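Working notes, structure below.
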Amino acid sequence: MSLAARQVSQSPDDRLSRRNFDRLAKYIYKYSGIKMPVTKATMLEGRLRKRLRVCNIATFDDYCDYLFDHNGLEREAILLIDAVTTNKTDFFREPKHFEYLIDTALPDLLRDVPGKLRVWSAACSIGAEPYTLAMVLSEALGSRDPNLDYQIIATDLSTEVLETARKAIYPVGMVDPVPHHLRRKYVLDHVDRDRGEVRIDVSLRRKVGFGRLNLMDEAYPVRDLQHIIFCRNVLIYFDKPTQKHVLSNLCDCLIPGGYLFIGHSESATGLDLPIKQVANTIFKRI
């Protein structure tokens with residue numbers, strides 16, 4: 001069935017049937033590892049209405065038939081996942097992690113790391129985390145030795161948020177958590193102040209490379225072992241087997257002695273991983 005053959009008048013009273021919710025939830029879990037309990041049916045409906053409008057599809061029944069019975073997933077899979085993923089993020093979110101990075105992890109690593117520090121921001125969302133890391137590392141390394149350098153890779157499942165991250169343009173209120181001295185140095189006001197936007201300075205943008213990566217992949221195509229990995233506030237959407245899969249793969253991408261940071265509401269307890277806890281939600285590769 002072609003999209004052109006469908007009715008395009010979408011009714012606000014259309015609801016997602018339990019059968020179709022179950023089909024979508026099963027696919028979303030298989031693709032992304034995100035658990036979608038039935039209590040989130042209304043949320044899922046709300047997020048998918050935009051996809052129905054874009055695809056000129058009138059009802060959730062038609063949309064699910066298109067996905068599962070007419071090979072629509074070949075075109076729609078990434079856009080579907082973009083629509084349902086949550087991308088809450090802030091600059092300097094969970095600031096104690098950055099304090100530990102500066103005060104403890106960096107001095108430890110720099111005793112043995114020659115030249116360039118390799119850092120990975122997994123599940124980077126719209127870029128606040130990797131750009132925060134870039135600010136912190138630029139200040140910390142520059143004050144120690146001008147010859148020290150770093151490179152950040154930043155990945156996410158959502159193509160939409162990665163596009164925002166690459167542009168590095170944000171509402172002015174979003175950079176409120178950035179300390180004043182760092183904001184003056186690394187955050188540029190828009191020439192048209194009425195737009196209420198700022199942009200991250202090019203000196204930081206050059207240090208961050210963005211790419212799409214699905215944490216559900218069998219292995220992660222990270223070329224070099226990393227010294228530091230941030231993977232925060234995404235594990236909470238996964239069940240225990242998926243958490244184990246993700247954290248095991250992340251550990252495989254860490255150098256011995258490298259540091260892994262997870263979110264403050266997350267845990268690696270009982271997962272039998274080659275890491276030891278060194279602070280709250282901070283781990284070191286054994």
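The model shown is predicted, which means the values in this text are computed figures rather than measured ones.
Q226 places no side-chain N or O within donor-acceptor distance of the main-chain N or O of L254, the cut-off being under 3.5 Å. Not a single donor-acceptor pair under 3.5 Å links the side chain of R93 to the backbone N or O of R232. One N or O on the side chain of S267 and one on the backbone of T269 form a donor-acceptor pair closer than 3.5 Å.
Counting only N and O atoms by type, the side chains of D82 and T159 include a donor and acceptor under 3.5 Å apart. Judged by distance alone, the side chains of Y63 and N20 never bring a donor and an acceptor atom under 3.5 Å apart. Side-chain atoms of Y66 and E76 form no donor-acceptor pair, as typed in the model, at a separation below 3.5 Å.
Checking each of Y100, W120, F261 against F230 for a ring pair (Phe, Tyr, Trp, His ring centres under 6.0 Å) leaves exactly one that passes, namely F261. Between F91 and the choices Y131, Y186, Y170, the ring pair (Phe, Tyr, Trp, His ring centres under 6.0 Å) rule is met once, by Y170.
Looking only at side-chain heavy atoms (C-beta outward), I262 and L235 come within less than 4.5 Å of each other. Residues L215 and L157 have side chains not in contact (no heavy-atom distance under 4.5 Å, counting atoms from C-beta outward).
Aromatic rings of F98 and F92 (six-membered ring for Trp) have centroids within the 6.0 Å cut-off, being under it.
Distance OH/Y259 to OG1/T104: 7.0 Å, rounded to 0.5 Å. Note that the NZ atom of K284 and the CG atom of L109 stand 7.5 Å from one another [nearest 0.5 Å].
Listed here is the closest heavy atom pair of K207 and Y150: CG-OH, 3.4 Å. Looking at every heavy atom in both residues, Y31 comes nearest to A77 through CE1-CB, 4.3 Å. Considering every non-hydrogen atom in both P130 and V208, the closest pair reads CB-CG1, 3.9 Å.
Atom NZ of K26 has 12 or fewer heavy atoms from other residues, nucleotides or ligands within 6.0 Å.
Ring-plane geometry between H264 and H97 is classed as tilted, the angle between the planes lying from 30 to 60 degrees on a 0 to 90 degree scale.
Criterion: ILVMFWY side-chain heavy atoms under 4.5 Å apart, direct or through other members. Under it, L80 and M43 are part of a common hydrophobic cluster. There is a path of hydrophobic side-chain contacts, each under 4.5 Å, that joins V187 to V172.
Both the sub-6.0 Å distance and the 45° axial angle are satisfied by K35 relative to the ring of Y29.
At a threshold of 4.0 Å, the pair R23-D69 counts as salt-bridged, since one of the basic side-chain nitrogens sits closer than that to a carboxylate oxygen. With respect to D201 and R205, no salt bridge is recorded, no charged nitrogen being found less than 4.0 Å from a carboxylate O.
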Could you give me the CA-CA distance, side-chain angles and deciding distance for Q243 and Y237, then say whether side-chain hydrogen bond (donor to acceptor under 3.5 Å, both in side chains) is met? CA-CA 9 Å; Q243 291 175 6; Y237 300 106; over 6 Å; no
